[in-house]
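Quick one: the structure is below, questions incoming.
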There are 2 protein chains.
Amino acid sequence: MAISISSDKTYLTVSLGSGDRRFHGIWLRDHAQDPATVSPHNGQRLITLLDQPESIHIASATPIDGNILAVRFEEIDQVFQFPFHWLEQHCYDRSDDGEAHQAGWINQEFVLWDSHLIDAVPNGSFTEVNSNRLALGKWLAAVHRFGFALMTGLPENPDSLLDVTALFGYVRETNYGKCFDVRSEVDPVNLAYTGLGLQAHTDNPYRDPAPTMQILSCIENTASGGESIVVDGFHAAKILQQENPEHFDLLSGFCARFRYAGSRDVNLVSKRPMIELGVDGELVAVRFNNRSSAPLVDIPFEMMHHYYRAYRHFSEIIGRNDNQLTFRLEPNQLFIVENTRVMYSRAAFSFAGNRWLRGCYPDRDGMRSTLSVIAKEHPEARLTDSEI
Amino acid sequence: MAISISSDKTYLTVSLGSGDRRFHGIWLRDHAQDPATVSPHNGQRLITLLDQPESIHIASATPIDGNILAVRFEEIDQVFQFPFHWLEQHCYDRSDDGEAHQAGWINQEFVLWDSHLIDAVPNGSFTEVNSNRLALGKWLAAVHRFGFALMTGLPENPDSLLDVTALFGYVRETNYGKCFDVRSEVDPVNLAYTGLGLQAHTDNPYRDPAPTMQILSCIENTASGGESIVVDGFHAAKILQQENPEHFDLLSGFCARFRYAGSRDVNLVSKRPMIELGVDGELVAVRFNNRSSAPLVDIPFEMMHHYYRAYRHFSEIIGRNDNQLTFRLEPNQLFIVENTRVMYSRAAFSFAGNRWLRGCYPDRDGMRSTLSVIAKEHPEARLTDSEI
């Protein structure tokens with residue numbers, strides 16, 4: 001185990017499985033896991049950066065039993081221990097892999113999909129998911145990877161979507177209520193409550209933060225038409241970037257605006273790009289909704305024409321049959337989407353017969369937390385590619 | 001009223017109060033407000049971009065009665081009307097004002113503050129705010145402008161914070177419950193539930209999206225110590241930028257990581273910068289919390305030392321007495337903060353006597369929506385500087 005300390009004592013170099021890796025003394029001190037630094041009870045950090053010396057020099061660094069690195073700093077009379085596997089896991093000294101730092105890179109855990117997913121739609125049985133923690137984990141893993149999954153065999157209860165949400169997290173209540181009903185109304189406050197077809201869209205982009213997930217469950221469906229259609233917005237964004245990188249840059253580089261003021265007591269507005277990247281270039285969200293699009297005023301005059309070309313291009317990609325997964329939701333079934341990724345659309349339906357869906361907006365953080373806890377108990381809960 | 005059409009007919013120029021402004025034909029068509037484009041019932045757009053011609057040429061543009069611009073397009077047999085004041089309001093053809101496009105620019109509606117706000121703490125009386133819509137509007141306007149306000153005279157009910165939230169919006173439920181109690185526990189799942197002092201922080205940065213607001217109400221406070229301290233994180237970020245622009249760029253240009261796994265069934269993680277800018281450079285959020293800081297692995301080796309200097313600098317600014325507004329929360333009082341902007345801290349308190357706060361996380365979108373609706377009814381609900 002080769003370990004060396006830099007001549008200015010500010011960092012050390014250690015040979016790990018992946019190669020020689022450097023770690024700063026200041027980073028090591030800040031990330032120490034001893035019980036005076038991190039609470040053994042709840043894992044929270046007990047000290048602040050200001051509790052640590054401003055300047056840190058590494059006095060010694062020696063391996064213990066081949067699996068732990070013991071570090072001493074000149075400024076602190078204490079030995080700090082770092083397991084080598086922990087260092088490997090949290091290494092920040094790496095040659096950038098190009099893909100990860102390209103604008104629009106996508107988390108490797110996500111599987112992009114198109115209409116062909118119809119042959120292997122992620123699906124769970126309520127009875128199983130409700131009674132078996134591993135089955136729940138596998139269903140949540142599918143939701144995480146595809147941003148979309150079905151569930152069948154729901155109990156005969158219009159609020160069964162709340163039972164499903166309770167398995168993994170919490171519903172975000174909004175002006176539409178904790179749940180909302182999607183069926184045709186005579187004088188609708190929202191176009192969703194008509195028999196009109198809807199263009200594929202993400203819900204409530206006029207909210208900031210937008211809902212991170214949506215569940216739509218079917219209570220009744222005897223109308224003809226009204227098929228559900230889902231589109232992987234990350235896949236659509238990737239196609240846009242491949243077909244025209246400038247179009248991708250326009251939709252990710254300027255803010256759109258969204259608004260909803262359909263009821264007398266509501267005026268929701270937001271300003272966010274249609275394609276949102278994190279500060280490290282990661283694709284983190286799409287927002288797309290013609291119904292609630294507000295005047296675009298954040299694109300300079302010189303770019304507006306190009307922006308509209310990009311917007312049209314993206315609309316056209318989203319509308320391609322190849323990208324649309326179509327299915328008919330039957331009573332006692334639901335589907336869930338990550339609303340920051342997957343767009344939802346509905347074919348027009350007739351007023352002969354009834355179509356009644358009930359929806360809610362669960363928060364994704366709870367879902368990912370539950371998935372992560374189950375995956376620790378049951379590593380097989382994380383779907384591998386061969387299982388898709 | 002001078003109106004001219006460009007030679008290629010793709011845009012027109014109109015003299016508005018603020019000067020000559022250009023509008024593209026394609027933008028005008030897309031933003032038309034006629035009842036076939038926008039539903040008169042709910043304001044939602046009835047058509048998509050793909051329902052409109054790809055290429056639009058302006059055939060004519062003439063004023064009506066001096067207050068409306070009537071526009072015809074070659075491709076569409078219809079006259080579209082745009083009030084001049086609407087065009088002025090939604091103009092996107094402007095010489096960039098430098099301030100608005102500087103990284104870290106701040107919404108002009110926000111008032112930055114420091115410890116001197118103690119002489120004019122935004123405050124509302126529950127009786128008044130609960131019974132008078134204008135008073136509610138003024139209180140919400142203060143919350144919006146300062147990211148912080150007090151409320152006094154709450155009813156003797158441990159859940160009165162929910163009554164307050166119901167006046168403007170909805171609570172976001174989390175693993176901590178719809179409400180959570182902050183008082184000392186023997187084996188706490190969170191350091192907040194101890195008598196320790198806490199560094200100023202935003203709550204739950206390990207959640208994505210983080211809670212946008214927090215209310216903390218006081219049910220009992222006979223302990224000595226435990227004063228509440230709030231810090232305007234936007235003001236702190238601005239000071240950081242003024243004192244060292246490179247430090248500001250480091251904290252806004254690289255992702256930090258946060259994590260909470262204090263209970264057996266929870267593992268919440270996030271990756272976001274401590275200072276978050278929108279795609280147009282607007283300062284939109286700060287995240288700062290030593291307790292839930294997770295290993296920093298997204299800063300390249302070469303930048304880590306600089307990043308730590310910036311992180312220390314920001315910590316030091318947040319801790320300056322000048323920036324901390326200190327007050328003692330008494331029973332039947334609460335305070336509310338925008339959790340993406342204002343940090344909260346608490347002095348250590350003794351175990352002699354009791355300190356019992358109850359908190360919840362309302363969503364800001366509902367708050368801003370309610371404020372905006374009230375401000376339309378009562379324009380005076382929007383505080384002016386002279387009223388602060």
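The analysis underlying the following values was restricted to heavy atoms, covering all of them including side chains, and did not include hydrogens, waters or symmetry mates. Just so we're on the same page: letters track the sequence lines, and every chain starts at 1. These figures come from a predicted structure and were not determined experimentally.
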Discussion item. Quick check for you: among B:Asn267, B:Asp298, B:Leu196, B:Val373, which has the greatest number of heavy-atom pairs under 4.5 Å with chain A?
Written reply: B:Asn267

Worksheet entry | Flag if over 12 foreign heavy atoms under 6.0 Å of CD, B:Glu54 | no

Practice prompt. Given side-chain contact (heavy atoms from CB on, under 4.5 Å), test A:Glu173 with B:Arg172 step by step and report yes or no.
Written response: CA-CA 7 Å; A:Glu173 188 179 356; B:Arg172 192 189 311 181; over 6 Å; no

Item to complete: Give the member of A:Arg272, A:His305, A:Arg259 that has the highest number of heavy-atom pairs under 4.5 Å with chain B.
Response: A:His305

Practice prompt. Below 4.5 Å from any heavy atom of chain B, which atoms of A:Tyr260 appear? Answer side chain, backbone, both or neither.
Written response: side chain

Worksheet item: For B:Gln33, does the CD atom have more than 12 heavy-atom neighbours from other residues, nucleotides or ligands under 6.0 Å away?
Response: yes

Worksheet item: According to the interplanar angle, ranging from 0 to 90°, do the rings of A:Tyr92 and B:Phe301 count as parallel (below 30°), tilted (30 to 60°) or perpendicular (above 60°)?
Response: parallel

Worksheet, complete the sentence: Turns out that what part of A:Ser252 lies under 4.5 Å from chain B's heavy atoms comes down to backbone

Worksheet item: Which bit of A:His31 comes within less than 4.5 Å of chain B, counting heavy atoms only: side chain, backbone, both or neither?
Response: side chain

Worksheet item: What distance do B:Arg45 atom CZ and A:Ser292 atom OG have between them, rounded to the nearest 0.5 Å?
Response: 9.0 Å

Discussion item. Report which part of A:Thr212 has an atom under 4.5 Å of a heavy atom belonging to chain B: side chain, backbone, both, or neither.
Written reply: side chain

Worksheet entry | A:Tyr307, part contacting chain B, at a heavy-atom distance under 4.5 Å | neither

Fill in: Option in B:Leu296, B:Val266, B:Thr370 with maximal non-hydrogen atom pairs under 4.5 Å from chain A
B:Leu296

Worksheet item: Is the number of heavy atoms from other residues, nucleotides or ligands within 6.0 Å of NZ (A:Lys9) greater than 12?
Response: no

Fill in: Options A:Ala261, A:Gly43, A:Ser293, A:Cys91, ranked by heavy-atom pairs under 4.5 Å with chain B, top entry
A:Ser293

Worksheet entry | Contact leader toward chain A among B:Lys271, B:Arg264, B:Arg309, B:Arg364, where contacts are heavy-atom pairs under 4.5 Å | B:Lys271

Fill in: chain B contacts, top residue of A:Pro209, A:Ser372, A:Pro295 (heavy-atom pairs, under 4.5 Å)
A:Pro295

Fill in: Minimal non-hydrogen separation, B:Gln52 against A:Arg312, with atom names
O-NH2, 3.1 Å

Fill in: Minimum heavy-atom distance B:Thr48-A:Asn290, with the two atoms named
CG2-ND2, 3.5 Å

Worksheet item: Pick from A:Val38, A:Ile26, A:Asp363: which one has the most heavy-atom pairs with chain B under 4.5 Å?
Response: A:Ile26

Item to complete: Looking only at non-hydrogen atoms, find the nearest pair between B:Leu268 and A:Asp365 and report the distance.
Response: CD2-O, 3.4 Å

Practice prompt. Find out whether A:Arg22 and B:Glu302 are in side-chain contact, i.e. whether some heavy atom of one side chain is under 4.5 Å from a heavy atom of the other.
Written response: yes

Response to the item:
Rounded to the nearest 0.5 Å, the OG atom of A:Ser39 sits from the CZ atom of B:Arg291 at a distance of 11.5 Å

Worksheet item: Can you say whether A:Leu50 sits under 4.5 Å from chain B via the side chain, the backbone, both, or neither, judging by heavy atoms?
Response: both

Practice prompt. Heavy atoms only, distances under 4.5 angstrom: which of B:Gly253, B:Ser270, B:Gly278 has the most pairs with chain A? Name it, please.
Written response: B:Gly253

Practice prompt. Indicate the atoms forming the closest heavy-atom contact of A:Cys255 with B:Val279, along with that distance.
Written response: SG-CG1, 3.4 Å

Item to complete: To the nearest 0.5 Å, tell me how far B:Leu198 CG sits from A:Gln44 CD.
Response: 9.0 Å

Item to complete: Measure across B:Asp30 and A:Tyr308 and return the closest heavy-atom pair with its distance rounded to 0.1 Å.
Response: OD2-OH, 2.5 Å

Worksheet item: Given the options B:Thr174, B:Asp265, B:Asp208, which has more heavy-atom pairs under 4.5 Å with chain A than any of the others?
Response: B:Thr174

